[in-house]
Amino acid sequence: MKTESIITRFAPSPTGNLHLGGARTALFNYLFTAKQNGRIILRIDDTDNERSRPEYEESIKSGLAWLGLSFDQEIKQSERTDIYRRYLKQLLAGGQAYVSTDEGGREPVIRFKNPNRLIRFTDLIRGNIEFDTSDLGDFVIAKDENRPLYHLASVIDDRELGITHIIRGEDHISNTPRQILITEALAVADEIKPTVAYAHIPLILAPDRSKLSKRHGAVDLRQYREQGYLPEAMINFLASLGWSAQAGKEGTNQEIFTLTELTKLFSLDGIQKSGAVFNQDKLDWFNREQIKRLPADELFTQIKNQLPENIFTRPTYSDERLRQIIPLITERITVFNDIRRLAEEGEYDFYFSPPGLAKEMLGPAKYLAQTKEIIDQIDKDDFTAEVIKDKLWDFATANGRGEVLWPLRVALTGREKSPDPFTVAAIIGKEETLSRISYALTL
RNA sequence: GGCCCUAUCGUCUAACGGCUAGGACACAUCCCUUUCACGGAUGAAAUCGGGGUUCGAUUCCCCGUAGGGUCACCA
């Protein structure tokens, strides 16, 4: 049930893909609104015809959907020219704006008549902020009656839609006085009292503490999506940048959250004033943690999608076996794309077909025959990692665990690195285990 | 440069005048495992500087300093 006492908006400009900063702004707007059962609007700020592109709009929407952020309403500024024109005429008629023809040879534009006032506003995150607007001059608010510019269109929409809270990046702080000036001028015209509150969130910074941008590498949300990061991890990570669930009396040391949990916990009080540096290691950690929390079916589907076709044609491939090795896969990856890479490097081959063996890697293997005998004595129905380890352990310890276990592991996997031999043996089964050892013995 | 914002471990952050400045990532060591990974334990690591206010400042105020943002007929 929407009470609609809170109305917010996320207003991206479709001049590029959704980037990390935009995604986080959307997230904070979403969390703030959802927490209070408010209403959130997606507004496409496409007043700039030259630079706006439909494909970017689609890309932004698909990024938001991927993150799981939904909106109650969508509007597009390019479809609202009539509304802006109406207000523009009012401002012109009221003398709060004028057509400026003295533009040094350029086309005439519509400028806002700056009353040169001191503007004071309270930012929900930073407290009182003061600007002397006299150094702003008579700024341009539209190219002509049919082509409004950002400040004008934005302010009109915020009023028309009854926006109660504007949550946006810190880089907009210096835009705020202009927008308040326009808001006040509009209020004179139609006598609606402006009551919007501002909350400027800190920027996401590059490691050098400058504003994150293309030159710092991956900034598009899409790039992370393509690398196989989970939306859950991205949400969790973005939330951790500049916001803390630990703040306040009900603080918690919990770090891993679902979107639903974040919605319950979110508060502007937990927002930091200073910029937060983007940290790939931490994102990776969030992703590994979120992978661990994925439902089994989801995990299975995701992993299966990553595996190359040649895996499925192996003699012993089965969904059942794949399910068995899922834990062994997930504890060794950071993003899902790692699976494809590792699979192509042969990392998973031995689970589904006998490995090629190099005698040098096997070593002397003087205990392998005895090892085989011990394994042979284990009941086929009792062939679990625990039992195999149990039966082999004393023998391995007595003769040097490396002497016994290394050749066994290599015989089964053919690799320098792999899970332990007990686990591998249990997965491929007694028959296959003995067969691989026999083969190794012939080398 | 003008205006504005900001300042706790390398990074993300907690402590909203009062425990030995807490947690997480990363890092190091050890344990587990003679492989890899996971896991467990331990450790190193911070209040930018100077003045105030106060019995007491990470916390409040001022001044520096540093960093950032913004100064379009982009948003």
Side-chain angles (χ1 to χ4, degrees), chain A residues 11-16 22 44-48 50-52 77 100 103 106-111 123 125-127 129-137 139-144 147-151 153-154 168-178 200 202-211 237 239-249 251-256 269-270 272-286 288-289 292 327-333 347 361 389 396-397 400-406 409-410 413 415-422:
Chain A
S13 161
T15 53
I44 302 298
D45 280 11
D46 57 349
T47 47
D48 185 345
E50 304 283 295
R51 300 196 308 151
S52 296
Q77 291 191 322
S100 166
E103 295 294 328
R106 303 184 69 177
E107 293 288 298
V109 290
I110 299 177
R111 286 184 178 272
D123 187 284
I125 293 166
R126 286 149 215 284
I129 299 177
E130 247 182 44
F131 280 94
D132 182 356
T133 60
S134 55
D135 33 58
L136 261 30
F139 51 93
V140 181
I141 55 173
K143 295 183 181 182
D144 58 48
R147 291 183 296 167
L149 258 14
Y150 164 67
H151 291 297
S154 180
R168 57 185 1 177
E170 188 184 4
D171 46 348
H172 283 288
I173 289 183
S174 52
N175 287 331
T176 307
R178 278 186 195 79
H200 289 97
L203 262 20
I204 297 181
L205 272 25
D208 67 1
R209 301 204 77 87
S210 65
K211 188 175 167 182
F237 173 63
S240 82
L241 252 32
W243 176 80
S244 170
Q246 298 178 50
K249 14 185 156 338
T252 167
N253 274 343
Q254 188 180 339
E255 303 266 350
I256 306 299
D269 295 342
Q272 202 74 8
K273 292 191 185 76
S274 55
V277 173
F278 175 86
N279 183 262
Q280 178 88 35
D281 283 334
K282 191 102 182 212
L283 205 213
D284 286 349
W285 176 73
F286 277 119
R288 288 191 293 267
E289 290 297 318
K292 287 181 195 168
L328 305 176
I329 293 177
T330 52
E331 67 193 19
R332 268 156 253 256
I333 60 164
E347 183 88 4
M361 198 192 292
K389 181 174 182 179
T397 303
R401 303 213 268 249
E403 296 290 313
V404 176
L405 267 20
W406 176 271
R409 199 184 57 74
V410 171
T413 68
R415 309 216 106 220
E416 291 276 1
K417 303 168 184 176
S418 78
D420 68 81
F422 318 112

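Any value given below was found using the heavy atoms of this structure, including those in side chains, with hydrogens, waters and symmetry copies removed. Letters A, B, ... mirror the listed sequences (proteins, then strands); counts begin at 1.
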Original post:
How long is the line joining CH2 of W285(A) and C1' of G10(B), in whole Å?
Top reply: 18 Å

Subject >> Below 4.0 Å: OP1/OP2 of U70(B) and any side-chain N or O of K211(A) >> reply: yes

Original post:
Who are the salt bridge (charged side-chain N to carboxylate O under 4.0 Å, His left out) partners of D132(A), not counting sequence neighbours?
Top reply: none

**OP:** Could you check whether V140(A) gets within reach of a base, just the sugar-phosphate, or nothing at all, counting any heavy atom under 4.0 Å?
**Re:** sugar-phosphate

Subject >> Nearest-Å distance for atom pair CZ/C1', residues R51(A) and C73(B) >> reply: 12 Å

**OP:** Sugar-phosphate atoms are those with a prime plus P, OP1 and OP2; base atoms are the rest. Using that split, label each nucleotide of nucleotides 1-9 of chain B B, S or - for protein heavy atoms under 4.0 Å, 5' to 3'.
**Re:** --SSSSS--

**OP:** Sequence neighbours left out, what passes ring-ring contact (aromatic ring centres under 6.0 Å, His included) with F286(A)? Give chain and number order.
**Re:** none

Subject >> Closest listed nucleotide, where the reference is the side chain of D45(A) and the choices are U35(B), A75(B), G39(B) >> reply: A75(B)

**OP:** Evaluate the ring planes of Y150(A) and H172(A), with Trp represented by its six-membered ring, and classify them as parallel (under 30°), tilted (30 to 60°) or perpendicular (over 60°).
**Re:** tilted

Subject >> Residues which pass ring-ring contact (aromatic ring centres under 6.0 Å, His included) with F131(A), listed by chain and number, not counting sequence neighbours >> reply: none

Original post:
Between atom NE2 in H172(A) and atom P in C71(B), what is the gap in whole Å?
Top reply: 10 Å

Original post:
Atom NZ of K143(A) and atom P of C74(B): how far apart are they, to the nearest Å?
Top reply: 4 Å

Original post:
Residues two or more places apart in sequence or in another chain: which of them pass side-chain hydrogen bond (donor to acceptor under 3.5 Å, both in side chains) with S210(A)?
Top reply: D208(A), R215(A), H216(A)

Original post:
What is the distance from CZ of R415(A) to P of A37(B), rounded to the nearest Å?
Top reply: 14 Å

**OP:** Indicate, with a heavy-atom threshold strictly under 4.0 Å, whether D46(A) touches base, sugar-phosphate, or nothing.
**Re:** nothing

Subject >> All salt bridge (charged side-chain N to carboxylate O under 4.0 Å, His left out) counterparts of K417(A), not counting sequence neighbours >> reply: none

